[in-house]
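Here is how names work: the chains are called A, B, and so on, in the same order as the sequence lines, proteins then strands, and each is numbered from 1. Bear in mind that the values here come from a model prediction, so they are computed numbers and not experimental data.
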Amino acid sequence: MLRISLLSLAIGTGLAFAIVIAGPGLLSSAEAPTDLPVLEWSAEEIEANKDKSSIEQGLLRVNFQQPFANLLSLPHEGANTESYPYLHLELEEYPADLEVSVLWGKSRGKYPAFAHTVTSEVRPSQWLAVRELENWRGDIGNLIIRLASKTGESVTVRKISLHPASVKTNILTLWSDWTSFSPWRRASMNSNLGVTKLSPLYPAMAIACIFLLSLAAYAVLHLAWQRKEKLNWGAIGLVFLFCWLSLDMLWQYKLLRQNNVTFTLFAGKTSEEKLLAGPDAELFSLLNEARQHISEDSARIFVTTSDDYTGLRAAYYLYPHNVYFMLRGRELPFSTYTDNGDYVLVVNPSRVKVNHQTGMLAFKRDYFPAEMLLNTHQGKLVRLTK
Amino acid sequence: MNTPWLAVATLLPVLAGGLFLNRLVPKNTPARLFIVCGMGALLGVMLTPQIMHLTDALGYGLNFSTVIGILAALSIALMLSHFLPGNHSVHQGASDPHTLSHLERLLVTTVVALITLRIASLGFEVLLRPLFPWDATMHWATKARVWFEHKAMLPFVDYHSWLELRGSGVFVDRHPQYPPMIPLLQVWMSLALDAWDESLINIPWLVCFIGIGATFYGQLRLAGVGTTVAAVSTYLLISLPLLNTHVALAGYADLFLGSAYGCAVLSLHNWIMHRERWLAVMAVLFGVLCILIKAEGVIWALSLIPAITVAYLGRREAAQHFLLLFLWGVLFLLVIPSDLDIAGYATKDLVPSFNFEALRGILLTIWVHDNWHLAGYFALLLIPLGVIMPGAMTKKFLGLTTTVACSVGAYVYLFIFTGFGEGAADFAAVGRLSIHLAPGLLFLCTLVYNELLCRESFWVDPDAPRAVKKGE
């Protein structure tokens, strides 16, 4: 049983690869010439701001001295997007929070019109199927790689290259994409794509195709070898299990990577320290400051912001106080519903205007006399005095 | 950190539930340990908030000692009842004399190792990560935070009422009417810790995940599935990515609703097969719990009724009843007021209108994205086989098939033909609602696969009475 299952699976996988190799149109543009040279930019050829970068042992070191991103311009004689569907970045050392974006435009000299930010965690050998980008069309004018990180960090770039379609690049990009990892996001609760936005092929569909091809192979082998015997559903089940395992190993790998991120962020911390290390760290710091100004436990607090996420989180962290935040509703209720002593936390961005001298709030021709208790760049806390 | 009390708060409900199941489940039931521990854990975890709700309603507030006392007393009573004469019933099904081959042993060992690794990975996230998901901070943990601080279930009202009452004695969040079970679970863990901990409040999600895994295996074994197929199928359930995400990023109700509905469906199927009273009790109990977890639970609980009808009536008679019920349903929708609320949905939103984008959303969610690995393809392959296989889904698994068909039908109708299609088009709700159906659907697929494995011939129903030839 095991023998026929493995053989069917091997034939099915082989057939799937044959389809990918024989039909490059599946993963790359069919019209594109395949004998083009790879466009490479070594450390010396990449144009970067000299004040922020240096060449060390053939590698380009880019330093983040200010809270601005660094731009690496890739000069070229003219390239066509259809001919170059894959971009490859080779990095040596980089911070964990490095953000990489590809910027491109159709005319030279101007700031690029289009941008794509890599949503998954950056890796030393990063392949990107740029052909999947909506505006990767026609001739490329200028091409820029944007790197962003915290001040004080640095990145070492070995090489950047644009590749024409080939079997090797198809497979390398697919593998890079399928094994890419992005930490938990809000949308994770609703959907798990299993790939990045630039994936040419979804793994579940690809493995399902391998399963169907293996099933066909099993049917042929059964007819050839075991025609008189009953169909072995155990063998078919085994093929299915192997296919499932291959998908699940990708998922388990990503879970283990996530475990590593979670451990780095939260291990050994108290509940409050975790919040100060988590995605809402800045907001939570503001709320900690605001809480010091709220004397009564039973106080009513109105949270106002035009950003749903910020408002919802701010309200949640302020419970068990009596918090009011109307999701997707009026930012601040009519003044007839507010009382003397109520608190209003204005978190940026907000349409509620605060007079910095008097603390008076204004929202849609409604005015709220108030005293300013806290004023930071993230938000303000006032107490109503009407 | 108050670790000993945290351990007590986690384990005592599991123990009480387990002892209750131990009292009910006949002695030689296949995989009895898994059923007792798995369903016991789920029952204990889901009934503890109901006890808390009751103590609060009786005026005792949310008091850790009171609830611990009740759970301990229940456990002791159940332990003592073991020595009393009474239920020592014996399972009537055939025992499984099959011994595992080397390959089967290797398979079982592999999937057990993978399940263990998955539980460890997800447990790690539950224990370390602070509360993260959107809905959790919108309407579940908001109540938990307030109730824990005030040691009482203070009322939550809608925005307008809160403003009218000037917030006096009432609180507000986005969905004040949602059932209190999920927040009470978080309150329970906080009471044990005597502090609000953003991570440890979510331990019940891990218990629930382990519980549904053990239950799934036990119920499959009880349904006559062999050790290897049951273990592999349990691994398929445990490894579903979206289900895993709802454990790692705990705080939503969908895992609990999926587990409760799964338990009800599985118990109902095995009750139809074996007619053992404890299975009927479990099906009813978990069916009721569905209603207490989330609004959609009402629809899932209702989907159990057709299976009971099929179990008691002939197929033709049951079909006539369903047709009549359908016509009543249509009439009901036509005459009731359009603003009436059914299971959290206004009736005006339930009027049919085809939504192509929602259909696309469902297809992508189940067969293209990696929410369910290959489970969609598993169902696509096995359900048609089960339908054409004589005596399988049309007879042996008819009750289960009816329930699954009703729930899948309701799911498809809700997204493709009503105003809720947006939740499928933007993937905001379609994946989450699939969690509720996953255990039942996977259970049915496994039974069909097992039938394929066990039958001598695809076209011959082994349970069908054979025609007696002349002269025989």
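- When heavy atoms are compared at a cutoff of 4.5 Å, B:Leu154 does not approach chain A at all.
- Only the backbone of A:Thr338 has a heavy atom closer than 4.5 Å to any heavy atom of chain B.
- Between A:Asn259 and B:Phe124, the shortest heavy-atom distance links the atoms O-CE2, 3.2 Å.
- A:Arg185 touches chain B through its backbone: at least one of N, CA, C or O sits under 4.5 Å from a heavy atom, while the side chain does not.
- Options A:Ala206, A:Gly194, A:Ser271, A:Ser188 differ in how many heavy-atom pairs under 4.5 Å they form with chain B, and the most are formed by A:Ser271.
- Using a 4.5 Å cut-off between heavy atoms, B:Val232 touches chain A through its side chain atoms alone.
- No side-chain heavy atom of B:Leu163 sits under 4.5 Å from any side-chain heavy atom of A:Thr336.
- How far CE of A:Met189 is from OG1 of B:Thr245: 7.5 Å, rounded to the nearest 0.5 Å.
- Using a 30° and 60° split on the angle between ring planes, B:Trp134 and A:Tyr309 fall in the parallel class, below 30°.
- Of the two parts of B:Leu236, the backbone and the side chain both hold a non-hydrogen atom closer than 4.5 Å to a non-hydrogen atom of chain A.
- In this structure, chain A has a heavy atom under 4.5 Å from the side chain of B:Leu385, while its backbone stays farther away.
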request  = Start with the C-alpha distance between A:Phe325 and B:Trp162, add both sets of side-chain angles, then the distance that settles ring pair (Phe, Tyr, Trp, His ring centres under 6.0 Å), and finish with yes or no.
outcome  = CA-CA 11 Å; A:Phe325 169 69; B:Trp162 189 89; over 10 Å; no

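- Within the 3.5 Å criterion, the main-chain N or O of B:Pro133 finds no donor-acceptor partner in the side chain of A:Arg186.
- Heavy atoms of B:Ala375 lying under 4.5 Å from chain A belong to its backbone as well as its side chain.
- Annotation: the span from B:Arg174 atom CZ to A:Leu312 atom CG amounts to 9.0 Å, rounded to 0.5 Å.
- Contacts between B:His160 and chain A at a heavy-atom distance below 4.5 Å involve the side chain alone, from C-beta outward.
- Counting heavy-atom pairs under 4.5 Å between each of B:Thr365, B:Val146, B:Thr137 and chain A puts B:Thr137 at the top.
- Atoms CD and CD, from A:Glu273 and B:Glu198 in turn, are 13.5 Å apart once rounded to the nearest 0.5 Å.
- Here A:Phe211 and B:Tyr377 keep their ring centres 6.0 angstrom or further from each other.
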inquiry  = Evaluate B:Leu114 against A:Met249 for side chain to side chain contact (heavy atoms under 4.5 Å, CB included), listing each step before the verdict.
reply    = CA-CA 10 Å; B:Leu114 289 170; A:Met249 287 307 98; 3.5 Å; yes

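- Side-chain contact between B:Asp426 and A:Asn190 is absent, with no heavy-atom pair separated by less than 4.5 Å.
- Note that OG1 of A:Thr270 and CG of B:Asp197 are 8.5 Å apart. Values are rounded to the nearest 0.5 Å.
- The residue among B:Asn371, B:Leu103, B:Leu240, B:Leu364 with the most heavy atom pairs within less than 4.5 Å of chain A is B:Asn371.
- Atom CD of A:Glu296 has more than 12 neighbouring heavy atoms from other residues, nucleotides or ligands inside a 6.0 Å radius.
- The shortest side-chain heavy-atom distance between B:Arg118 and A:Trp251 falls under the 4.5 Å cut-off.
- The residue among A:Leu255, A:Asp342, A:Asp280 with the most heavy atom pairs within less than 4.5 Å of chain B is A:Leu255.
- A donor-acceptor pair is defined here as one N or O able to donate and one able to accept, closer than 3.5 Å; no such pair exists between the side chain of A:Lys230 and the backbone of B:Ser457.
- B:Leu452 touches chain A through backbone and side chain together, each having a heavy atom under 4.5 Å away.
- Neither the backbone nor the side chain of A:Ser298 has a heavy atom closer than 4.5 Å to any heavy atom of chain B.
- The backbone N or O of A:Asp248 sits nowhere less than 3.5 Å from a side-chain atom of B:Ser239 that would complete a donor-acceptor pair.
- Both the backbone and the side chain of B:Leu131 come within contact range of chain A, with heavy atoms under 4.5 Å apart.
- Looking only at distances, a side-chain donor or acceptor of A:Arg300 sits under 3.5 Å from a matching main-chain atom of B:Arg166.
- In this structure, the ring of B:Phe132 has its center no less than 6.0 angstrom from the ring center of A:Trp184.
- Side chain of A:Asn192 to main chain of B:Asp370: a donor-acceptor pair is present (N/O by atom type, distance under 3.5 Å, no hydrogens or angles).
- Shown here for B:Leu374 and A:Cys243, the closest heavy-atom pair between the two residues is CD1-CB, 3.8 Å.
- In this structure, chain A has a heavy atom under 4.5 Å from the side chain of B:Leu242, while its backbone stays farther away.
- Both the backbone and the side chain of A:Gln258 come within contact range of chain B, each with at least one heavy atom under 4.5 Å from a heavy atom of that chain.
- Judged purely by atom type and a 3.5 angstrom limit, A:Asn322 uses its side chain to pair as donor or acceptor with the backbone of B:Val170.
- Looking at B:Glu125 and A:Thr262, their side chains do bring a donor and an acceptor atom within 3.5 Å of each other.
- Of the residues considered (A:Asn232, A:Leu245, A:Val195, A:Leu212), A:Leu245 shows the highest number of contacts with chain B, using heavy-atom pairs under 4.5 Å.
- Taking both residues in full, the closest heavy atoms of A:Lys274 and B:Leu127 are given as NZ-O, 3.5 Å, listed atom of the first, atom of the second, then distance.
- For an aromatic pair to be called close, the ring centres must be under 6.0 Å apart, and A:Tyr319 with B:Trp140 fails this.
- For B:Trp196, the parts lying near chain A are the backbone and the side chain together; criterion is any non-hydrogen pair under 4.5 Å.
- In this structure, A:Ser191 OG and B:Arg432 CZ are separated by 11.5 Å, a value rounded to the nearest 0.5 Å.
- Of the two parts of B:Phe378, the backbone and the side chain both hold a non-hydrogen atom closer than 4.5 Å to a non-hydrogen atom of chain A.
- Pairing each heavy atom of A:Tyr316 with each of B:Ala141, the nearest pair is CE1-CB, 3.6 Å.
- The distance from the CG atom of B:Leu128 to the CG atom of A:Leu265 is 10.0 Å, given to the nearest 0.5 Å.
- Between the side chain of B:His373 and the backbone N or O of A:Ala204, no donor-acceptor pair lies under 3.5 Å.
- At a 4.5 Å heavy-atom cutoff, the contact between B:Asp173 and chain A is made by backbone and side-chain atoms alike.
- Only the side chain of B:Tyr449 comes within contact range of chain A, with at least one heavy atom under 4.5 Å from a heavy atom of that chain.
- With a 4.5 Å cut-off on side-chain heavy atoms, A:Leu241 and B:Tyr235 count as touching.
- Both the backbone and the side chain of A:Leu327 have a heavy atom closer than 4.5 Å to some heavy atom of chain B.
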